[in-house]
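Quick notes on the structure that follows.
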Amino acid sequence: MAQVPQTFLDALAVRTWCGLALRSLGRAREEIDAINVYPVADGDTGTNLYLTLESATAAVEAVFAGYEEGAPSFADALRAMAHGALIGARGNSGTILAQLLRGMAQVLAAGDVSHVDGTLLRTALRRAADAAREAVARPVEGTVLTVASAAADAADGAEGDCQAVVLAAYEGARAALAATPRQLAVLGRAGVVDAGGRGLVTVLASLVEAVTGETVPEETYADAAGADICPDAPEHAGEGGPAYEVIYLLEAGDAAVARLRERLDALGDSLVVVGGDGLWNVHVHVDDAGAAVEAGVEAGRPYRIRITHFAVDDVHTGGERPAREPAQRAVVAVVPGEGLAGLYAEAGATTVLARPGEPPASGELAQALRRAHAREVVLLPNDAELRHTAAAAAEQVRAEGVRIALIPTRSAVQGIAALAVHEPERRFDEDVVQMTSAAGATRYAEVLVAERQSWTTAGICQAGDVLGLIDGDVAVIGPDLTGTAETVLDRMLQAGGELVTLVVGDEAPEAVADRLEARVRESYLAVDTVVYRGGRQGAPLLIGVE
């Protein structure tokens with residue numbers, strides 16, 4: 001059903017635009033995924049754009065839901081859209097899309113107005129394109145940045161109301177997208193247009209529909225000609241690139257983020273840092289995922305950390321479109337802290353960070369299973385409370401033809417034990433049996449501080465008491481963390497053990513690991529100890545005995 005045409009943008013138009021764009025990206029998602037060859041041929045650009053827009057749409061709907069009558073202000077709707085995109089941005093193109101929306105909102109929501117006309121919209125599109133380019137450490141032509149700039153250039157030359165401006169921007173973007181295979185050699189060799197630019201054209205088409213009320217015919221860009229590639233077109237094929245994609249939200253000041261940009265730019269490539277006003281979305285491709293996360297910790301408070309291990313075949317250099325073959329097997333794990341996220345990622349796992357009070361939803365786990373891009377996936381939830389969520393995610397992705405084994409790990413230390421015996425070359429069933437056995441043979445404990453008075457299996461605890469939980473039940477209540485940890489460790493080793501794993505969080509005393517290592521050396525012969533730094537994790541100390 002056609003929308004009612006209008007000559008200006010207001011809060012309702014923003015809501016309509018988000019809904020239309022989400023629907024259109026949903027239809028185009030698989031096509032966009034299929035042409036994703038730059039910067040990495042990981043086949044997820046369409047999905048990432050969809051998830052980014054989904055977060056923006058949800059934020060706008062939440063603002064509208066707060067009004068029983070009437071509607072939010074134009075500025076509130078715009079800010080909600082930009083903020084939703086920022087916190088939900090996925091991948092390189094999704095992060096750039098979030099900055100484009102933020103750039104528009106900075107202009108359109110600056111004044112106390114209920115709607116804007118074509119003049120202000122032209123300014124907003126220009127600011128969006130410039131902001132996106134500024135957010136990328138090393139801009140490359142022939143990408144979504146080129147398409148955004150072309151849209152802004154075309155809008156600058158348009159005269160009239162919002163209808164004229166959005167139509168001009170859309171046509172400029174379409175023309176620029178069609179030219180991308182001649183600007184970036186990897187696109188020309190593959191015979192495709194830029195996937196991120198393709199997604200932006202879809203978003204602009206939805207803006208045209210929201211303003212004019214006319215549906216823009218959906219176009220495909222299959223078999224884009226690359227025979228006349230510009231001789232100066234950069235290669236940028238992505239071959240031999242970094243092994244990991246690292247994304248996180250970051251609470252930090254401008255000066256700290258400026259230093260972070262420099263550090264991450266030296267660590268890897270595809271660096272995009274978007275946001276402002278103390279909240280940022282950081283995206284980078286690196287070989288050392290732990291170092292990228294550590295840089296974020298030094299800059300401020302990173303959270304919602306996502307680390308993906310690329311299992312991408314080399315991009316073909318012939319005339320045929322490259323096809324990314326799924327890996328045979330992958331591991332997806334939920335981890336409680338930044339340090340463990342880096343550790344798991346170095347072992348080749350795709351990770352989902354679970355911060356205290358922020359457990360991942362089944363949709364997030366399902367998306368992580370898809371990001372692993374493998375025919376067989378082992379899922380390690382590492383939390384007894386996540387068993388139903390993990391099972392729902394596994395069932396969802398199994399229906400898509402992926403073979404998934406859910407190992408019911410109840411702690412990150414059990415996941416470490418399972419990952420240690422993981423061998424992708426084994427038959428899937430044998431590998432799962434070995435990983436399950438290793439996890440089951442690992443007793444786990446956590447030492448934490450009680451927040452309130454409560455009844456426990458070890459008696460009544462008061463706020464501030466230290467609790468030692470063994471296999472999920474409170475076994476020890478003590479006055480200090482180190483002493484309680486020693487008691488917990490002694491009880492666990494009474495049943496025997498060969499290896500003690502300690503995961504030390506930022507809130508644990510500096511000397512706790514040394515004290516526990518010394519106790520094992522002095523009191524338990526032939527028992528080894530390994531220590532990991534967990535960062536900001538839910539419990540100050542995790543202990544595993546196997």
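In this text the structure is predicted, and so the values were computed from the model without any measurement.
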Under the salt bridge (charged side-chain N to carboxylate O under 4.0 Å, His left out) test, residues paired with Arg23 that sit two or more places apart: Glu209
Supply the atom-to-atom distance Leu97 CG to Thr45 OG1, rounded to the nearest 0.5 angstrom. 11.5 Å
Check side chain to side chain donor-acceptor pair (under 3.5 Å) between Glu400 and all other residues, then give those that pass, not counting sequence neighbours. Arg370
Using salt bridge (charged side-chain N to carboxylate O under 4.0 Å, His left out) as the criterion, list what pairs up with Asp471, not counting sequence neighbours. Arg443
The salt bridge (charged side-chain N to carboxylate O under 4.0 Å, His left out) partners of Arg29 (sequence neighbours excluded) come to Asp33
Which residues pass the side chain to side chain donor-acceptor pair (under 3.5 Å) test with Arg427, sequence neighbours left out? Glu430
Sorted by first residue and then second, give each ring-ring contact (aromatic ring centres under 6.0 Å, His included) pair with at least one member in residues 260-297; sequence neighbours left out. His283-His285, His285-Phe310
Residues in side chain to side chain donor-acceptor pair (under 3.5 Å) with Thr95, at least two apart? none
By salt bridge (charged side-chain N to carboxylate O under 4.0 Å, His left out) - contacts of Asp265 (at least two apart): Arg138
Applying ring pair (Phe, Tyr, Trp, His ring centres under 6.0 Å), name anything that partners Tyr244, two or more places apart in sequence or on another chain. His309
May I have all residue pairs that pass side-chain hydrogen bond (donor to acceptor under 3.5 Å, both in side chains) and include part of residues 444-458, sequence neighbours excluded? Gln453-Gln462
Going by atom type alone, with no hydrogens or angles, which donor-acceptor pairs under 3.5 Å involve a side-chain atom of residues 500-514 and a protein atom two or more places apart or on another chain?
none

Run the side chain to side chain donor-acceptor pair (under 3.5 Å) test against Thr202 and tell me which residues pass, sequence neighbours left out. Arg198
